Amino acid sequence: MLTETDNEVTEKLCWNDQWISPYESAWGIFEKFKYANNANSRDIMSLFGDEKVRNQKNKSKSKYDLLNFMKFDLNLIRDGLGIDFYHKNKIEIAHMLGPLTKKSYKNEPIYDYSFFFRDTIAYCPTCMENGFHSIFFQFKLIKKCPYHDILLLKECPACFAKIPYELSDLNTLEPFQCKCEYRFFKPQSKLLFSNEWVSSNLDRITCNNVNKYLNLTTGDMLRLKDMYLFKEIELDAYPNVLENIISILDFKDSQVEDNAHFIVTSAPNVKKIRGEKEKYEIQKYTKVNFPGINEEAIRKLRFHEFQKEIYQSYTATITGVAGQLRKTLLSKHRTCINRLIKNPNDKMQICPYAFAYVFWREYSQNFSNHTSVDNYGSPKRLVKNHIEFPQFDVEVMQNLYEFLGSDIEDITLESRAALKWFLNRVISHLSINHFNNMLSASQSYIDRRKFPSTLPYTKYDKIPFFVAIRPKDRNKPLEFHWWGQQLIISNLNCPFNTVKSKRAQS
């Protein structure tokens, strides 16, 4: 335990700022400090916490943020460790996130740290044996150690416990040591431990994709700034995110999709396309025609027409996805679908494919009930003062809408063709995911003789990784990239073996 006053202890610290490597994580540096000084997290906060924390009696049960450095006194860290810790952390994270950071039209970040950084320790076992832990390992785009090209581990190899990425005494027994006593750092000599702490310079990075990402050209940076990432997914669930993003940089307009990377592009001039109705509304809603009201009121009138067209467009998109499903996966289940729509009752046998399709459409398009699906009724449109989106993707699509409008003064004056193309590509991708989720739950509902009151869940864990790109250059096309096909469930058992048997029970 360190028990002397702050100034006395600072002068006697066992520390060398040469032990710190570029992109070494705050967690790794503090573990080194604790190891060298036989200290714990409580001692660190007694030395380097802000005044409120230093006066706090019980620090051992607290957890301290190592990404934002809340509750630390940055001057004390700089004086004690010889490094502007906060500045180093901020600069290195900013470099990693630079091309991926986005702000909404409210100037608020679209993504927070938790989207890009793991909240539990990921590590390279070889690096950790030498007492080195990099912030690269916490970055969800990186799955392998950039220095050794081996998969990162995310739990203790002995007891499989996960260690939170925070400064705390609750999850480790000693520095670099799990509660189960497994030692991550394995120096050859207890007395010469610092010999293992050689600087891991960036020129030791062997991963080409990491090197390319850290050394993006100005053009590459601008291209990635135009990229929309779907923040409702878990980046750690996809094994090749960094490779996927790097492949976008090499994409050419004439490029043909391969077996893993699928690409759809809009017409090059899509941002300049305007329909006759759109042109008419732009001319109609002006001060010339409405001299008695202000510009904001005129914009609201224009927005009302704008949102109706966006709504009609995405409704048509989901209907188009439904039509494609009926032609492919559901081509042998059309009678099953018609029977469920026309004659629902508690005793009837139900095809799980028909069940999934009918209820997926009911709740995706807001039909009054499932008997209204497929030309027997129309979706109910809600009157709102903002853009309407499918009810299960409202937050998702609102984030995308804000991304599209983040650098636009008045989105109602933008090309609706471009907006609809962008929004509808994402909506169709999500719609297939929701249908797949409904399929996976359909047999359970049928067995319980129960109709769902909503979609069973709106998880996105089965959706292929995708990005959409909206170049600021008005002469370039919009792009939609995805990797891997959505594998729709196709092994469910329909109770009707033939068309004849289906019709006989209709």
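Please read all numbers here as calculations on a predicted model, not as lab measurements.
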I need the minimum non-hydrogen distance between D17 and G82, along with the two atoms involved. OD2-O, 3.5 Å

Compute the centroid of each ring, for F451 and then for Y445, and state whether the two points are separated by less than 6.0 Å. no

In terms of ring plane angle, is the pair W483 and H261 parallel, tilted or perpendicular, where the classes change at 30° and 60°? parallel

Between the main-chain N or O of L67 and the side-chain N or O of D65, is there a donor-acceptor pair closer than 3.5 Å? yes

Please walk me through it: do H148 and R204 pass side-chain contact (heavy atoms from CB on, under 4.5 Å)? CA-CA 9 Å; H148 300 104; R204 291 180 52 211; 4.1 Å; yes

Which atom pair, heavy atoms only, marks the closest approach of I446 to P352? CD1-CA, 3.6 Å

Could E196 and K186 be called an ion pair, given the rule that one side-chain N must be under 4.0 Å from one carboxylate O? no

Is L100 close to L141 at the side-chain level, that is, under 4.5 Å between some pair of heavy atoms? yes

Lys/Arg N to Asp/Glu carboxylate O, R223 vs E479, below 4.0 Å: yes

Does a side chain donor of either S415 or E278 reach within less than 3.5 Å of an acceptor in the other side chain? no

Taking side chain as C-beta onward, heavy atoms only, is I20 less than 4.5 Å from K88? yes

Quick check: does any side chain N or O of D112 sit under 3.5 Å from a backbone N or O of S114, one acting as donor and the other as acceptor? yes

Is E174 salt-bridged to K34, cutoff N-O under 4.0 Å? no

Taking the side chain as every heavy atom from C-beta outward, state whether C494 and H333 have any pair of such atoms under 4.5 Å apart. yes

Which is it for F85 and F30 under the ring pair (Phe, Tyr, Trp, His ring centres under 6.0 Å) test, yes or no, and what are the steps along the way? CA-CA 11 Å; F85 215 134; F30 278 136; 5.2 Å; yes

If every non-hydrogen atom of E24 is compared with every non-hydrogen atom of G131, which pair is closest and at what distance? OE2-O, 4.1 Å

How many angstroms lie between CZ in F33 and OG in S41, if you round to the nearest 0.5 Å? 11.0 Å

Rounded distance (nearest 0.5 Å) linking atom SG of C178 with atom CZ of F184: 5.5 Å

How long is the gap from CG on L224 to CD1 on I245, to the nearest 0.5 Å? 7.0 Å

Is the W27 ring parallel, tilted or perpendicular to the F176 ring (thresholds 30°, 60°)? perpendicular

Can you list the steps and then say if F139 with L97 is a side-chain contact (heavy atoms from CB on, under 4.5 Å)? CA-CA 9 Å; F139 194 37; L97 293 183; 3.7 Å; yes

When you check the side-chain N and O atoms of H95 and Y23, is any donor under 3.5 Å from an acceptor? yes

Does the T217 side chain pair with the main chain of D220, one donor and one acceptor, at a distance under 3.5 Å? yes

Will you find, in the side chains of S444 and D447, an N or O donor that is under 3.5 Å from an N or O acceptor? no

With side chain to side chain contact (heavy atoms under 4.5 Å, CB included) as the test, pick out the partner of Y314 among I427, T319, L423. I427

Answer yes or no: is there an ion pair linking K154 with D236, defined by an N-O contact shorter than 4.0 Å? yes

Side-chain donor/acceptor of Y86 to backbone N/O of F72, under 3.5 Å: no

Please confirm whether the backbone N or O of S134 pairs with a side-chain atom of S25, one donor and one acceptor, at under 3.5 Å? no

Kindly compute the distance separating CD (E232) from CE (M397), expressed to the nearest 0.5 Å. 10.5 Å

Crowded around K90 NZ? As in, over 12 foreign heavy atoms under 6.0 Å? no

Check this for me: does any side-chain nitrogen of one of R361 and D374 sit under 4.0 Å from a carboxylate oxygen of the other? yes

Which atom pairs, donor and acceptor, lie under 3.5 Å between side-chain atoms of residues 119-128 and protein residues at least two apart or in another chain?
residue : atom : partner : partner atom : Å
Y123    : OH   : E155    : O            : 3.0

Between W360 (side chain only) and S431 (backbone N and O only), is there a donor and an acceptor less than 3.5 Å apart? yes

With side-chain contact (heavy atoms from CB on, under 4.5 Å) as the criterion, how do L235 and F465 come out once you've worked through the C-alpha distance, each side chain's angles and the decisive distance to 0.1 Å? CA-CA 9 Å; L235 289 175; F465 179 68; 4.0 Å; yes

Nearest 0.5 Å, please: how far is NZ in K144 from CG in L242? 12.0 Å

Going by the angle between their ring planes, with limits at 30° and 60°, are W197 and Y35 parallel, tilted or perpendicular? perpendicular

Beyond-backbone contact of F435 with L329, side-chain heavy atoms, under 4.5 angstrom: yes

Pairwise side-chain contact, F115 with L229, heavy-atom cut-off 4.5 Å (strictly under): yes

Please find the pair of heavy atoms, one from F355 and one from S442, that lie closest to each other, and give the distance. CD2-CB, 3.6 Å

Is any side-chain heavy atom of W15 closer than 4.5 Å to a side-chain heavy atom of I29? yes

Nearest non-hydrogen partners of S200 and Y147, listed with the distance: O-OH, 3.9 Å

Looking only at heavy atoms, which two atoms of V358 and V373 are closest? And how far apart? O-CG2, 3.6 Å

Checking the side chain of K143 only, and the main-chain atoms of K140 only, is there a donor and an acceptor separated by less than 3.5 Å? yes

Taking side chain as C-beta onward, heavy atoms only, is I142 less than 4.5 Å from Y213? no

Would you call D226-K476 a salt bridge at under 4.0 Å N-O? no

Can you list the steps and then say if I248 with N244 is a side-chain contact (heavy atoms from CB on, under 4.5 Å)? CA-CA 7 Å; I248 295 170; N244 297 156; 6.0 Å; no

Is Q138 reaching over with its side chain to a backbone N or O of F117, donor-acceptor style, under 3.5 angstrom? no

Ignoring hydrogens and geometry, is there a side-chain-to-backbone donor-acceptor pair from N201 to D203 under 3.5 Å? no

Backbone of Y64 reached by a side-chain donor or acceptor of K71 within 3.5 Å: no

Would you say the side-chain atoms of D149 and T206 include a donor-acceptor pair closer than 3.5 Å? no

Checking side chain to side chain contact (heavy atoms under 4.5 Å, CB included) against W482, which of I463, V264, I263, V467 comes through? V264

Using the ring pair (Phe, Tyr, Trp, His ring centres under 6.0 Å) rule, take F466 and H481 through it: C-alpha gap first, then chi angles, then the decisive distance, then the call. CA-CA 5 Å; F466 73 91; H481 300 248; over 10 Å; no

With a 4.5 Å heavy-atom cut-off, do K327 and R334 have their side chains touching? yes

About how many Å separate SG of C351 and CG of N493, when rounded to the nearest 0.5 Å? 10.0 Å

Please tell me whether H434 and D393 have a donor and an acceptor in their side chains that are separated by less than 3.5 angstrom. yes

